[in-house]
Amino acid sequence: MATAAATPPHGGLPEEIVIWEILVRLPPKSLLRCRAVCRAWRSATSARDFLAAHHDHQPNLPIVFQVYRGGQSLLALDNQGAAAPQLQPVARLDDHSSLEASCDGVLLLADYGRGVSTFSVCNPATRQFARLPMLSGFVSLGMYRHGPTGEYRILVCPRDEDPATDACYIFTLGSVHPLKNIGWLPEVEEMSSTGLVPVLFRGSLHWHLQQYESADKVIMAFDTTAESFRRMRGPVVPTSDGLFAGMFEMDGILGMACSNDEGKIIGIWMMQDYESEVWTLKYRFELPFEEIKVQCDMRQVRVKRGDMLIVVVPGGDGELLVLSRFDDVLFQINMDGKLVESFHREGLCLTQLQLKQTLALHTFLPALEGYVVNAPPFS
């Protein structure tokens, strides 16, 4: 008696379509489950070119964290394809650790528990973790991929305030060479002391510098190829709307969000001409405070600078969304000032960092000290 042929796991679709149109778009956890279906899928989805394409298809997920007794959880806000946005667990940290930077799916963590900063890196998708003892005592300014070499590097400066030690250094992940001194600029002091989060755009890291006495915004840019700083013009913002609320990149354009003194009105500025440093005001809207007060069960909503932070929530239609936090509630608001979604969680806080997940096995990670897999901060 003849045995019927086994049904292909993909229902007869061409293998190329399944791999390069379907599997390549899946979130990492779903893709890992699909690898168990058959050897062909496991082999194809483990290839370097596939992993690079898979990373390119992953969305930039805003990172928030939730504080609890004895520690904190890093969470990614995922609104890609789900009926409602979801907060997905990324990692668990102790209460004296912090998230410093994110680049190509790799997170830079700092631990300040012993009085001297110590650093580590991890990839949440592959659950790899390693320590960076060479950076002990430094402050991180940003992390980036160096285009000419493909190396991942961290920009740091000393944590102490001794002018004799003022300098910026570059540390290459996986390298045994000492840190590279690239000099110092006075603006670096503000960048390091205020914990400004840079935005990577057109191969440069960008920081906004607080200029309270002027309507002119100033941006410091670090060219990650030449590894040098330069100053750029920011938008000229009316003094009444001059509180900085965040920088972002959206659809190939550098953007900046500002708010008025009360934090109720948001202005979104876009750099329409990067070379000429020309900015235009694209959106200006009022936050839906009446709805916020109802959900927070508050008679008055008083905004503190730490309570309102603007980040870009990637959407399928490329729409900008605002994240604001009040009274342990995270609100998602569109550019029309309408409330889209809210999350009620105690101890929920915002960051301006985003996670673009990758299953690529970075070669520098196993070479680092204390390299482990499936151990804290993922256990």
Side-chain angles (χ1 to χ4, degrees), residues 27-29 58-80 82 84-113 117-129 131-132 139-143 154 194-200 245-248 257 295-296 303-314 321-333 341-358 375-379:
K29 287 185 178 180
Q58 297 307 298
N60 283 303
L61 305 178
I63 301 175
V64 302
F65 64 94
Q66 184 178 18
V67 179
Y68 54 88
R69 180 175 294 181
Q72 53 189 307
S73 294
L74 293 182
L75 306 166
L77 177 61
D78 186 0
N79 68 335
Q80 303 294 312
Q86 300 176 347
L87 291 173
Q88 298 186 352
V90 173
R92 299 177 72 89
L93 308 178
D94 53 38
D95 57 4
H96 45 72
S97 296
S98 66
L99 174 63
E100 299 288 313
S102 176
C103 179
D104 290 348
V106 177
L107 301 181
L108 176 65
L109 308 174
D111 187 329
Y112 298 98
S117 56
T118 58
F119 290 86
S120 57
V121 288
C122 67
N123 181 342
T126 59
R127 301 174 70 85
Q128 296 171 288
F129 172 88
R131 302 191 183 279
L132 304 173
V139 173
S140 69
L141 298 175
M143 181 167 58
I154 301 173
T194 57
L196 295 174
V197 176
V199 173
L200 181 62
M247 286 186 68
F248 54 88
Q295 293 213 23
C296 292
V303 180
K304 299 178 182 179
R305 292 198 62 184
D307 285 341
M308 208 214 28
L309 189 66
I310 305 302
V311 297
V312 177
V313 179
L321 294 172
V322 171
L323 291 182
S324 295
R325 180 182 68 88
F326 302 97
D327 194 36
D328 287 330
V329 185
L330 182 65
F331 294 97
Q332 200 172 355
I333 303 159
E341 190 64 56
S342 62
F343 303 89
H344 297 250
R345 289 201 185 185
E346 185 176 352
L348 202 61
C349 302
L350 295 167
T351 78
Q352 285 186 302
L353 293 168
Q354 300 183 12
L355 174 64
K356 186 178 177 70
Q357 299 183 87
T358 182
F378 304 115
S379 59

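If you read the sequence from its start, that first residue is 1, and numbering goes on from there. Values in this document were obtained by computation on a predicted structure and should not be read as measured data.
- The backbone N or O of Asp104 sits nowhere less than 3.5 Å from a side-chain atom of Thr358 that would complete a donor-acceptor pair.
- Considering every non-hydrogen atom in both Asp94 and Gln72, the closest pair reads O-NE2, 3.1 Å.
- Side-chain atoms of Ser73 do not come within 3.5 Å of backbone N or O of Gln66 as any donor-acceptor pair.
- Closest heavy-atom contact between Ala125 and Pro28: CB-CB, 4.2 Å.
- Closest non-hydrogen pair, Ser102 versus Leu355, comes out as OG-CA, 4.0 Å.
- Closest of all the heavy-atom pairs between Pro124 and Leu107 is CG-CD1, 3.7 Å.
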Requested in this report: Go through the steps for Leu109 and Ser97 under the test side-chain contact (heavy atoms from CB on, under 4.5 Å), then give the verdict.
Outcome: CA-CA 7 Å; Leu109 308 174; Ser97 296; 5.9 Å; no
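- A distance of 10.0 Å separates CD in Gln354 from CG in Leu77, rounded to the nearest 0.5 Å.
- One distance of note links CD of Glu100 with CG of Asp111; it measures 10.5 Å at 0.5 Å rounding.
- Atom CD of residue Gln86 and atom CG of residue Leu75 lie 12.0 Å apart, to the nearest 0.5 angstrom.
- Looking only at side-chain heavy atoms (C-beta outward), Pro376 and Phe129 stay at 4.5 Å or farther from each other.
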Report task. Begin with the C-alpha distance, continue with both residues' side-chain angles, and end with the deciding distance and a verdict on side-chain contact (heavy atoms from CB on, under 4.5 Å) for Leu99 and Phe65. Result -> CA-CA 9 Å; Leu99 174 63; Phe65 64 94; over 6 Å; no
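- Atom CD1 of Ile154 sits about 11.0 Å away from atom CG of Leu141, to the nearest 0.5 Å.
- Nearest heavy-atom pair across Leu330 and Leu350 is CD1-CD2, 3.0 Å.
- Nearest heavy-atom pair across Gln352 and Met247 is NE2-N, 3.6 Å.
- Partner of Tyr68 under the side chain to side chain contact (heavy atoms under 4.5 Å, CB included) criterion, chosen from Glu346, Arg345, Arg92: Arg92.
- Remark: Leu93 CG to Leu74 CG distance equals 4.5 Å, nearest 0.5 Å.
- To the nearest 0.5 angstrom, Leu61 atom CG is 5.0 Å from Asp78 atom CG.
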Report task. Kindly indicate, with the supporting measurements, whether the criterion side-chain contact (heavy atoms from CB on, under 4.5 Å) is fulfilled by Val121 and Leu132. Result -> CA-CA 7 Å; Val121 288; Leu132 304 173; 3.6 Å; yes
